[in-house]
Every structure is written in structure tokens, then in C-alpha cells.
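I have placed the structure first, in the form of C-alpha cells, so that the comments after it can refer back to it.
Quantities reported herein were computed from a predicted structural model and do not represent experimental measurements. Remember, it's 1-based here, ligands and their atoms both numbered in the order they're listed.
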Amino acid sequence: MPQRDYVIDRMISAKAIAARIEDLAREIENAFAGTDKLVVVGLLRGSFVFIADLVRELDMNVEVDFIEASSYGNATESSREVRILKDLRGEIAGRDVLLVEDIVDTGHTLKQVIGLLRAKGPRRLKTIALLDKPSRREVEVTADWIGFEIPDAFVVGYGIDFAQRNRNLPHIGQVRFTGEEAKR
Ligand code: IMP
Ligand code: MG
């Protein structure tokens with residue numbers, strides 16, 4: 001299928017993201033004060049830029065691990081099942097864990113990954129998402145920390161893709177379709 005034509009309108013600047021991450025890092029340091037070594041788990045692939053910036057802002061011992069879950073398949077909305085494509089490398093039983101997600105949209109991914117991580121018996125599990133689209137929620141879940149709440153728009157950049165494009169955009173932009181397809 002050919003790529004539909006679109007432009008990207010700036011939504012959140014790289015500077016605003018950096019400033020927000022500084023504040024979030026202070027809150028995370030406080031919440032995990034006394035933690036020997038925090039396991040920061042990035043949910044691939046969309047969180048890779050966010051986790052890179054976040055851990056460099058954290059003034060504490062961290063271990064970095066990744067997990068990859070299947071994204072939107074062809075499952076129906078209500079029974080959407082999230083499969084693990086790549087599991088953690090390290091152990092999290094009895095440990096303090098911070099799960100890092102790019103966007104919470106319907107909430108299915110975050111809710112199910114939380115369930116999967118909880119089953120491994122962490123001592124504490126907290127979650128952070130760079131973006132939250134609360135108006136799109138289908139299941140009840142909220143991250144402990146949110147970078148920015150955004151409206152129901154399709155966004156790209158800062159690690160987040162549209163059909164595997166635009167992950168390398170340094171800011172968050174909103175996709176706007178142009179040309180004939182936009183009128184359909
Ligand atoms: P959820 O299970 O519906 O909450 O979906 C979460 C995942 O969907 C995110 O981790 C993203 O990978 C993807 N996603 C949701 N909204 C967007 C968007 O606006 N742009 C790109 N990917 C998105
Ligand atoms: Mg994704």
C-alpha cells in the first residue's frame with residue numbers, strides 16, 4: 001500500500017520535552033529514594049528516545065532493560081491481546097521497576113504489560129508514559145507519571161513512528177493528511 005501523503009505539524013518542542021523530563025526525573029528520584037538499583041524497562045520500540053533521555057537525567061543507579069510487545073494486530077478492540085515479542089533479559093523479582101512507555105492510547109498495551117511484569121514479582125512497579133491520550137481509553141489504566149496529555153491526534157517523532165517513519169524527528173509532531181485522500 002503506498003504511503004498516504006501527510007505533513008507533520010509541530011505539537012511539542014524538543015525543548016519542552018527536555019524541560020518536562022527534568023521535572024519528571026526529580027519526582028522519580030524522590031519516589032525511588034533508597035532504591036539500590038532501579039530497573040528501568042523500556043517498551044520497544046517507541047520508548048527508545050524517551051528512555052535514553054530519561055535515564056541520563058536520573059541521578060541514581062539504574063539498570064536498563066527492554067521488553068517488546070506486539071502492537072496493533074487484527075484483534076477486535078475489546079479482546080485485543082498483547083503478546084510479548086522480546087522479554088526482559090534481567091530478573092525483576094523483588095526489585096524496584098519503572099516501566100517506560102511512549103504513548104498510552106486505548107490502554108490495552110500498558111495494562112497488559114503491567115500484568116505481565118507484575119507476574120514476575122517485582123517489589124515495586126511504577127509506570128511512566130511520555131504522552132497520554134485519555135479520550136481514547138478503552139480499558140482503565142493510568143501511568144504513575146505522564147509527560148504530556150494530548151488530544152486524540154496521531155503523533156510522530158521522538159521515537160514514535162507512523163508506519164516505521166519519523167521516529168528520528170527530535171520533537172513531537174501531529175500527522176495531518178494532505179491531498180485527495182484527506183477528503184475521503
Ligand atoms: P494502546 O494499547 O492503544 O494504548 O497503544 C499504545 C501503543 O500504540 C503505543 O505504544 C504506540 O506504539 C501506539 N500508538 C498509539 N497512539 C499513537 C500515535 O499517535 N502515534 C504512533 N503510535 C501510537
Ligand atoms: Mg508502538
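- Heavy atoms of G107 approach ligand 1 to within less than 4.0 angstrom.
- For ligand 1, one of its N or O atoms has an N or O atom of V155 under 3.5 Å away.
- Near I103, meaning under 4.0 Å from one of its heavy atoms, ligand 1 places the atoms 6 (C), 9 (C), 10 (O), 16 (N), 17 (C), 18 (C), 19 (O), 20 (N), 23 (C).
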Test salt bridge (Lys or Arg N to Asp or Glu O under 4.0 Å) on R95 and D36 and set out the steps. CA-CA 9 Å; R95 305 189 58 194; D36 176 48; over 6 Å; no

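- Side chain of S13 to main chain of A16: a donor-acceptor pair is present (N/O by atom type, distance under 3.5 Å, no hydrogens or angles).
- The proximity of K133 to ligand 1, defined as any non-hydrogen pair under 4.0 Å, is limited to the side chain.
- Ligand 1 places these atoms under 4.0 Å from at least one heavy atom of A153: 19 (O).
- Between R136 and ligand 1 there is no heavy-atom distance shorter than 4.0 Å.
- One option in L43, D102, D132, T109 has a heavy atom closer to atom 9 (C) of ligand 1 than any other, and that option is D102.
- Counting non-hydrogen atoms of neighbouring residues, nucleotides and ligands closer than 6.0 angstrom, the CZ atom of R10 reaches no more than 12 such neighbours.
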Before you tell me yes or no, could you show the steps for K133 and D105 under salt bridge (Lys or Arg N to Asp or Glu O under 4.0 Å), namely the whole-Å CA-CA distance, both residues' side-chain angles and the distance that decides it to 0.1 Å? CA-CA 5 Å; K133 293 194 235 178; D105 187 38; 3.6 Å; yes

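- At a 4.0 Å heavy-atom cut-off, ligand 1 does not touch L110 at all.
- Sorted by first and then second residue, the salt bridge (charged side-chain N to carboxylate O under 4.0 Å, His left out) pairs with a member in residues 46-56 read D53-R56; sequence neighbours excluded.
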Donor-acceptor pairs are to be reported for all side-chain atoms of residues 141-156 against protein atoms at under 3.5 Å, with residues two or more places apart or in another chain.
| unit_1 | atom_1 | unit_2 | atom_2 | d |
| --- | --- | --- | --- | --- |
| D144 | OD2 | T127 | N | 2.8 |
| D144 | OD2 | T127 | OG1 | 3.3 |
| W145 | NE1 | E27 | OE1 | 3.1 |

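- Remark: ligand 1 atoms within the under-4.0 Å shell around heavy atoms of I160 are 20 (N), 21 (C), 22 (N).
- Closest approach of P122 and L125 over heavy atoms only: CG-CB, 4.1 Å.
- Not a single heavy atom of L131 sits under 4.0 Å from any atom of ligand 1.
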